**Q** 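Have a look at this one.
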Amino acid sequence: MIVMKEPSRLADAHRSRLLAEVATLPSLPGVYRYFDAHGKVLYVGKARDLKKRVSSYFHKNHGGTRIGHMLESVARIQTTVVRSEAEALLLENNLIKTLNPRYNILFRDDKSYPYLKLSAHTYPRMAYYRGATDRTQRYFGPYPNAWAVKETIQLLQKAFRLRTCEDTVFAHRTRPCLLYQIERCSGPCVRRIAETDYRRDVADAERFLSGQTHEVIDGLQARMLAHADALQFEQAAKVRNQVGALSSVLHQQSVEVTVGDSFDKDADILAVKVQASRACVNLAMVRGGRHLGDRAYFPAQVEDASAADIERQLPALVLEAFIAQHYIATPVPPLLVLSHPVDQALIDALSEHSGVKVRALHQPRKQRRVWLDMSIQGAALALARLLAEEGSQHARTHALAETLDLACDDLDRLRIECFDVSHTAGEATQAACVVFEGHKMRSEQYRRYNIDGIKGGDDYAAMRQVVMRRYGKLAGSASGEGATKAGARLPDLVLIDGGKGQVAVAREVFEELGLDLSLIVGVEKGPGRQVGLEELVFADGRAKVHLGAESAALMLVAQIRDEAHRFAITGMRARRASVRTGLSRLEDIAGIGPKKRAKLLQRFGGVRGVGNASVNDLLTVDGISKELAEEVYRALH
């Protein structure tokens with residue numbers, strides 16, 4: 001939680017009203033929200049005692065911190081009383097994620113964590129899994145990334161030879177697959193292993209994943225000796241290989257755990273690094289005593305922090321914000337190893353919310369110390385990389401603004417939109433618009449446009465349609481003739497992936513809408529379509545510009561253009577697949593054989609045309625009865 005500036009400038013009447021409002025607050029746990037005069041949420045916080053917590057903002061001298069900056073804008077306060085601090089923690093972070101308050105440290109939602117899943121089956125299958133869990137399957141994790149899951153699966157294939165094939169494949173195998181031949185699977189699909197032996201291997205794998213590594217190895221060694229005593233040397237060698245695979249993992253992980261040691265097998269290691277008003281939280285995961293890897297998180301909205309905050313408070317506040325937001329939706333392990341101390345009340349609330357007794361350790365020893373040092377180093381490296389990338393991106397933005405003489409006083413607000421059109425031989429034509437703003441690509445503002453009503457393969461018509469659809473309402477809003485989404489604005493630069501023809505089409509649209517032609521710049525491929533030889537084409541009549549392969553401005557243009565191309569082509573492929581799925585549905589309709597299907601496609605120009613046809617339209621096709629037309633219509637709608 002990060003807060004804010006000197007309330008001395010608040011008008012006396014306004015201050016008195018706020019103090020009177022604070023005086024009426026209850027001494028109960030809850031969540032408070034500060035709003036500005038426009039009704040925008042400035043800050044969301046939780047409290048064990050609402051009255052005590054909120055009044056502390058208005059009865060202290062906060063100097064030049066961010067608290068004062070916020071309090072100058074506070075127009076009203078809103079509170080919600082809850083039953084416990086754990087409920088306040090949950091509500092606070094749900095509100096932070098939905099309302100995006102200006103003065104909170106905010107960690108963006110990331111994709112869910114992956115798990116290793118053991119299916120509920122006579123011969124359980126191990127698989128990579130991401131999504132909601134259920135009680136019918138066994139899940140291990142979460143893991144920090146997909147690579148960690150796949151590495152674990154490879155290890156379990158070597159050590160326990162569990163199957164990874166889909167159930168449908170498993171059910172129809174008549175002979176063992178290649179994984180059996182290379183001794184990565186025991187061949188349960190063709191019963192090369194008894195059910196009891198396979199279940200024993202599954203149980204050993206579960207114990208290993210749960211951290212009972214030494215117990216598993218001891219059991220395997222006992223089996224190996226038993227096979228040797230019975231002169232079953234081939235079986236003994238296989239068990240010996242299992243022991244070797246598991247022992248190598250222990251050696252690589254540097255896990256030194258003795259029987260009876262109070263070592264926590266599941267833990268998260270959290271390290272925070274702050275530099276140049278940016279922060280990084282590095283999360284490393286230990287599951288079953290194994291270090292699974294780490295992932296870096298970069299919070300938004302910490303740039304305004306003062307030097308005092310950075311030196312004394314910000315690392316701990318960033319860490320508290322991450323813990324509160326991250327573990328609302330993610331399972332929390334019993335141990336958190338932290339680079340900075342956090343409020344014990346937060347840990348207690350987290351324990352109450354999760355139902356797990358959580359312990360926070362700030363100054364670990366032995367192996368935990370090693371893991372924390374690794375996480376601290378990872379945070380420093382990730383932050384250094386981010387700052388270097390941001391510095392390079394800022395330089396590119398500045399170079400492009402200078403090269404094109406863009407009329408933008410604040411480069412942090414420079415907005416560039418880029419268009420590209422993609423199709424396959426005229427099929428599934430789709431246009432894409434990507435947005436660059438604040439020195440980075442804004443994927444949440446990307447848009448795709450399905451292009452209809454044009455001749456297949458007509459890129460010029462497609463470009464005309466997408467540019468008109470994109471800026472028609474914005475142009476009306478800018479001239480006071482229409483309305484559009486709040487906050488939407490015309491870009492400072494419009495990039496068109498194409499040369500004179502595409503630029504001319506965009507120019508015609510801008511002329512119709514009365515927009516500034518100097519905004520349009522085409523990116524024309526150079527001789528031989530070689531990268532670095534691109535030229536910029538201008539809609540307002542300026543001569544072409546060749547920037548050179550080493551130009552920082554061209555690097556930014558190429559980055560945006562390539563992102564538009566990627567976004568367009570992935571959308572087109574998805575749409576094409578959807579259309580072809582429609583063809584598959586047409587093939588599945590009883591009574592529609594190859595001849596009738598060909599007549600339908602020829603009559604309506606493709607699957608999409610058949611899907612758009614009414615029952616009466618379908619009846620015009622030779623051989624299609626009313627009952628069959630109704631069946632086709634139902635199948636495609």
Side-chain angles (χ1 to χ4, degrees), residues 1-5 7 18 21-22 25-26 28-51 53-58 62 65-112 278-279 281 297-305 309 314 317-330 343 345-346 349-350 353 412-413 435 437-438 440 442-445 484-489:
M1 190 167 56
I2 191 164
V3 259
M4 304 115 214
K5 185 174 178 180
L18 288 176
E21 188 175 345
V22 171
L25 294 178
L28 296 171
V31 173
Y32 56 93
R33 298 177 287 286
Y34 294 149
F35 293 83
D36 64 14
H38 303 289
K40 186 174 182 180
V41 180
L42 297 173
Y43 185 76
V44 176
K46 71 176 187 311
R48 182 181 299 176
D49 184 325
L50 279 171
K51 185 173 184 178
R53 178 61 175 161
V54 177
S55 63
S56 68
Y57 287 101
F58 298 94
H62 298 287
T65 66
R66 298 179 74 210
I67 298 176
H69 287 299
M70 180 192 69
L71 292 179
E72 288 179 352
S73 303
V74 174
R76 65 184 177 92
I77 303 169
Q78 188 177 87
T79 60
T80 302
V81 175
V82 296
R83 292 176 295 181
S84 66
E85 192 171 4
E87 286 188 5
L89 173 72
L90 179 63
L91 178 58
E92 176 200 27
N93 288 284
N94 285 336
L95 289 173
I96 287 173
K97 291 182 178 181
T98 40
L99 299 177
N100 192 18
R102 175 182 174 187
Y103 287 96
N104 281 93
I105 295 176
L106 178 63
F107 287 87
R108 303 292 184 187
D109 282 335
D110 200 357
K111 59 185 179 182
S112 61
R278 293 306 305 267
V281 174
Y297 293 83
F298 302 97
Q301 302 171 181
V302 298
E303 295 84 352
D304 299 341
D309 283 336
L314 191 54
L317 295 176
V318 169
L319 201 53
E320 288 180 353
F322 178 83
I323 291 172
Q325 295 175 35
H326 179 75
Y327 292 113
I328 289 299
T330 302
D343 188 352
L346 172 63
L350 190 61
H353 167 68
D412 290 341
R413 297 191 73 247
V435 178
E437 189 174 26
K440 59 184 177 181
R442 298 288 184 178
S443 59
E444 72 278 4
Q445 298 184 38
T484 186
K485 289 184 179 180
R489 65 183 181 93

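Throughout, residue positions are numbered sequentially from 1 according to the sequence presented. Given the structure is predicted, the values throughout are model-derived calculations rather than measurements.
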**Q** Could you pull out the closest heavy-atom pair between F298 and A279, with the gap in Å?
**A**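 Of all heavy-atom pairs spanning F298 and A279, the closest is CD2-O, 3.5 Å.
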**Q** Look only at the side chain of E320 and the backbone of D343, and say whether a donor-acceptor pair between them is shorter than 3.5 Å.
**A**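 Looks like yes, one N/O pair under 3.5 Å.
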**Q** For a quick test of reading the model, state the closest non-hydrogen atom pair linking G45 to E92 and the distance between them.
**A**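 In this case the closest contact between G45 and E92 is CA-OE2, 3.6 Å.
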**Q** Is there side-chain contact between L95 and K46, with heavy atoms separated by less than 4.5 Å?
**A**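 L95 vs K46: side chains apart.
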**Q** Counting only N and O atoms by type, is there a donor-acceptor contact under 3.5 Å from the side chain of N104 to the main-chain atoms of V44?
**A**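 Checked: pair present.
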**Q** Roughly how far, to the nearest 0.5 Å, is CZ of R76 from CG of L42?
**A**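 Those atoms lie 10.5 Å apart.
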**Q** Look at the side chain of R442 and the backbone N and O of E437, then say whether any donor-acceptor pair between them is shorter than 3.5 Å.
**A**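 Yes, R442 side chain to E437 backbone: donor-acceptor pair under 3.5 Å.
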**Q** Taking all atoms of both residues into account, what is the closest heavy-atom pair of P26 and D49, and its distance?
**A**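 The answer is O-OD1, 4.1 Å.
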**Q** Does the ring center of Y103 lie less than 6.0 Å from the ring center of Y34?
**A**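 Centroid separation for Y103 and Y34: 6.0 Å or greater.
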**Q** Where is the tightest heavy-atom contact between I323 and L350, given as atom of each residue plus distance?
**A**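 Minimum heavy-atom contact is CG2-CD2, 3.8 Å.
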**Q** Any side-chain heavy-atom pair from R33 and L99 closer than 4.5 angstrom?
**A**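 Yes, at least one pair of side-chain atoms sits under 4.5 Å.
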**Q** Roughly how far, to the nearest 0.5 Å, is the NZ atom of K40 from the CZ atom of R102?
**A**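 If we round to the nearest 0.5 Å, R102:CZ and K40:NZ are 7.5 Å apart.
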**Q** Looking at every non-hydrogen atom in both residues, tell me the closest pair between L18 and A75 and how far apart they are.
**A**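 Scanning both residues completely, I find the closest heavy atoms to be CD2-O, 4.0 Å.
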**Q** If every non-hydrogen atom of T80 is compared with every non-hydrogen atom of L50, which pair is closest and at what distance?
**A**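 In terms of heavy atoms, the two residues are closest at O-CD1, 4.2 Å.
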